[in-house]
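Quick notes on the structure that follows.
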Amino acid sequence: MSERKETILKQAAAYVCPNRVAMLGGLGIDLVLGRREGYRIWDIDGKELLDFHLNGGVYSLGHRHAELVAALRGALDTLDIGNHHFPSVQRSALGEALAGFTPGDLQYSVFASGGGEAVDIAIKSARHATGRRTIVSIHKGYHGHTGLALPAGDERFLKLFHSEPAPGDFVQVPFNDLDAMEAALAQHEAAAVLLETLPATYGFPLPDPGYLTGVRELCTRYGAMYIADEVQTGLGRTGARWGVDTYGVQPDILVTGKGLSGGLYPIAAAVLSPKAGAWLHEDGWGHVSTFGGAELGCVVASKVLEMLGRDEVAQHAQRVADTLGAGLDSLQQQYGDWLVEVRRCGLVIGLKFNDDFGGMLMSRALYDHGLWAMFAGLDTSVLQFKPGILLSYEDCALALERMEAAIRQCVSQRA
Ligand SMILES: Cc1ncc(COP(=O)(O)O)c(C=O)c1O
């Protein structure tokens with residue numbers, strides 16, 4: 001390790017994130033990000049890695065995509081973040097584009113600076129629209145660390161800050177269990193069900209056939225809103241524009257973030273149906289966010305939507321998904337004792353290994369072989385494997401080679 005890197009790691013431990021430095025260092029992962037371009041990242045000491053983590057889809061179109069960088073550079077000539085109190089050319093244009101890009105009657109965009117804040121907006125909107133408080137979500141869900149998103153997710157992060165919610169405000173049921181969902185909705189007058197379409201931090205378990213449409217029906221029957229958290233599953237990653245499109249669900253509220261930023265300027269949004277957005281007619285300052293919907297971010301996000309709307313981009317994403325899917329299936333046939341499950345829906349992929357810490361072991365082994373993919377935080381037996389939408393076929397082949405090398409390493413270490 002270079003002296004420079006050692007100094008930075010010490011500085012990070014002293015001033016920013018001591019536990020992360022210790023924890024990742026303990027796993028043998030000592031990445032300090034330097035150069036980044038397309039689907040490659042380089043450690044400041046020069047180690048090159050294929051990026052199959054993409055910060056959850058932030059870099060779905062690649063790091064520093066030339067068109068996105070040009071859009072941001074152009075915007076910097078005349079714009080800044082704008083003033084969040086006034087209507088804005090860029091915010092209005094993005095709002096209209098999102099209404100066109102999202103399913104059904106979703107209409108109003110309320111902008112945030114991150115996914116958690118956008119989930120908070122979604123929950124507040126559902127509570128206003130229904131006059132109810134309870135939010136039903138699933139065990140091992142993850143929606144961010146802000147005030148309302150936090151208690152909707154796994155309890156791990158609540159306990160640390162003694163932030164347990166009032167009894168009945170947040171109710172959790174097992175994923176893929178429609179009976180439990182119905183029992184919760186029958187017992188509590190719920191404002192909303194909040195669901196990641198494929199729960200990312202839980203390791204992307206696939207919804208059973210009929211599960212999500214079943215939840216939609218239950219929401220309608222019991223008067224609750226359906227909030228789709230599409231922060232990781234939206235923007236072309238499942239093969240459709242949104243994960244809910246793939247599963248045939250029409251939500252009342254859709255939350256987007258991560259990739260909307262193009263990896264260049266933070267932005268997220270809750271997109272609301274007219275009913276969910278009723279509060280916007282009542283109090284124009286009902287939600288205020290100085291940086292939410294910053295004009296520079298709106299310019300980049302509009303370009304992201306325009307790129308994702310191109311036929312050739314969608315077709316390429318499909319081919320990447322097919323190529324990697326076929327490769328992973330064949331690896332599973334070969335190494336089925338270790339790679340026990342390939343969960344995939346387009347480019348949303350979770351790989352389950354035959355060890356409680358299998359995803360972690362694979363993260364480390366792949367790191368050694370030049371690919372960065374991260375284990376699922378709430379199920380460490382699973383590796384999240386997140387390929388970019390514009391990945392080249394050469395890089396698909398390279399990624400599969402590195403995956404096989406990492407699998408072999410883990411298998412031989414276990415023997
Ligand atoms: C599904 C999901 N929802 C919400 C969030 C929160 O987004 P942010 O970190 O931008 O607040 C995340 C972040 O990883 C996420 O994966």
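In what follows, residues are counted from 1 in the order of the sequence shown. For the numbers below, each heavy atom of this structure counts, side chains included, while hydrogens, waters and symmetry mates do not.
- Side-chain contact, E282 with H128: a donor N or O sits under 3.5 Å from an acceptor N or O.
- The heavy-atom pair separating F375 from S363 by the smallest distance is N-OG, 3.1 Å.
- Salt bridge D51/R36: absent, no basic N to carboxylate O contact under 4.0 Å.
- Distance alone, capped at 3.5 Å, is enough to place a donor-acceptor pair between the R91 side chain and the F86 backbone.
- For the residue pair T256/E230, the side-chain donor-acceptor check at 3.5 Å is not satisfied.
- Under 4.0 Å is where a charged nitrogen must lie from a carboxylate oxygen, and between R216 and D252 at least one such pair does.
- Proximity of K140 to P199: side-chain heavy atoms (C-beta onward) are nowhere separated by under 4.5 Å.
- Nearest heavy-atom pair across I227 and V255 is CG2-CG2, 4.1 Å.
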Without placing hydrogens or testing angles, list every side-chain donor-acceptor pair under 3.5 Å for residues 240-247, not counting sequence neighbours.
unit_1, atom_1, unit_2, atom_2, d
W242, NE1, F101, O, 2.8
D245, OD2, W242, N, 3.3
T246, OG1, T238, OG1, 2.7

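- No cation-pi contact links K258 to Y59, judged by a cut-off of 6.0 Å to the six-membered ring centre and 45° from its axis.
- Shortest non-hydrogen contact noted between P251 and A228 is CB-CB, 3.9 Å.
- No side-chain donor-acceptor contact under 3.5 Å links N354 and Y335.
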(request) Please assess R127 against L148 for the test side chain to side chain contact (heavy atoms under 4.5 Å, CB included), listing each intermediate value before the final yes or no. (result) CA-CA 12 Å; R127 283 179 167 174; L148 300 174; 3.9 Å; yes
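- Between R132 and Y222, the shortest heavy-atom distance links the atoms NH1-O, 2.9 Å.
- E217 and T220 form no side-chain donor-acceptor contact under 3.5 Å, judged by distance and modelled atom types alone.
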(request) Let me see the working for V320 and I389 under side chain to side chain contact (heavy atoms under 4.5 Å, CB included), right down to the final yes or no. (result) CA-CA 7 Å; V320 171; I389 281 184; over 6 Å; no
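- Salt bridge status for E67 with R73: absent, with no side-chain N to carboxylate O gap under 4.0 Å.
- Salt bridge absent: E37 and R40 never bring a charged side-chain N and a carboxylate O closer than 4.0 Å.
- Residues W279 and H287 have side chains that never bring a donor and an acceptor to within less than 3.5 angstrom of each other.
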(message) Run H188 and F170 through ring-ring contact (aromatic ring centres under 6.0 Å, His included) and show every step you take.
(response) CA-CA 10 Å; H188 302 273; F170 288 85; over 10 Å; no
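- Minimum heavy-atom separation, K124 to G286: NZ-O, 4.2 Å.
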(request) Test F175 against Y211 for ring-ring contact (aromatic ring centres under 6.0 Å, His included), laying out the working first. (result) CA-CA 9 Å; F175 187 56; Y211 175 67; 5.2 Å; yes
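- D229 places no side-chain N or O within donor-acceptor distance of the main-chain N or O of L195, the cut-off being under 3.5 Å.
- Side-chain contact, S289 with E117: a donor N or O sits under 3.5 Å from an acceptor N or O.
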(request) Quick one: do R221 and E182 satisfy salt bridge (charged side-chain N to carboxylate O under 4.0 Å, His left out)? Show the steps, please. (result) CA-CA 10 Å; R221 191 175 331 146; E182 174 149 25; 3.1 Å; yes
(request) Dump the intermediate steps for salt bridge (charged side-chain N to carboxylate O under 4.0 Å, His left out) on D379 and K352, then the final yes or no. (result) CA-CA 9 Å; D379 182 353; K352 187 170 173 63; 3.8 Å; yes
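- Proximity of L391 to L324: side-chain heavy atoms (C-beta onward) are separated by under 4.5 Å at one or more points.
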Please set out all donor-acceptor pairs under 3.5 angstrom arising from side-chain atoms of residues 157-168, sequence neighbours excluded.
unit_1, atom_1, unit_2, atom_2, d
K159, NZ, E155, OE2, 3.3
S163, OG, F161, O, 3.3

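- Side-chain contact check for Q315 and D311: no donor-acceptor pair (N or O, by modelled atom type) lies under 3.5 Å.
- A salt bridge does not link D105 to K275: none of the charged side-chain nitrogens sits closer than 4.0 Å to a carboxylate oxygen.
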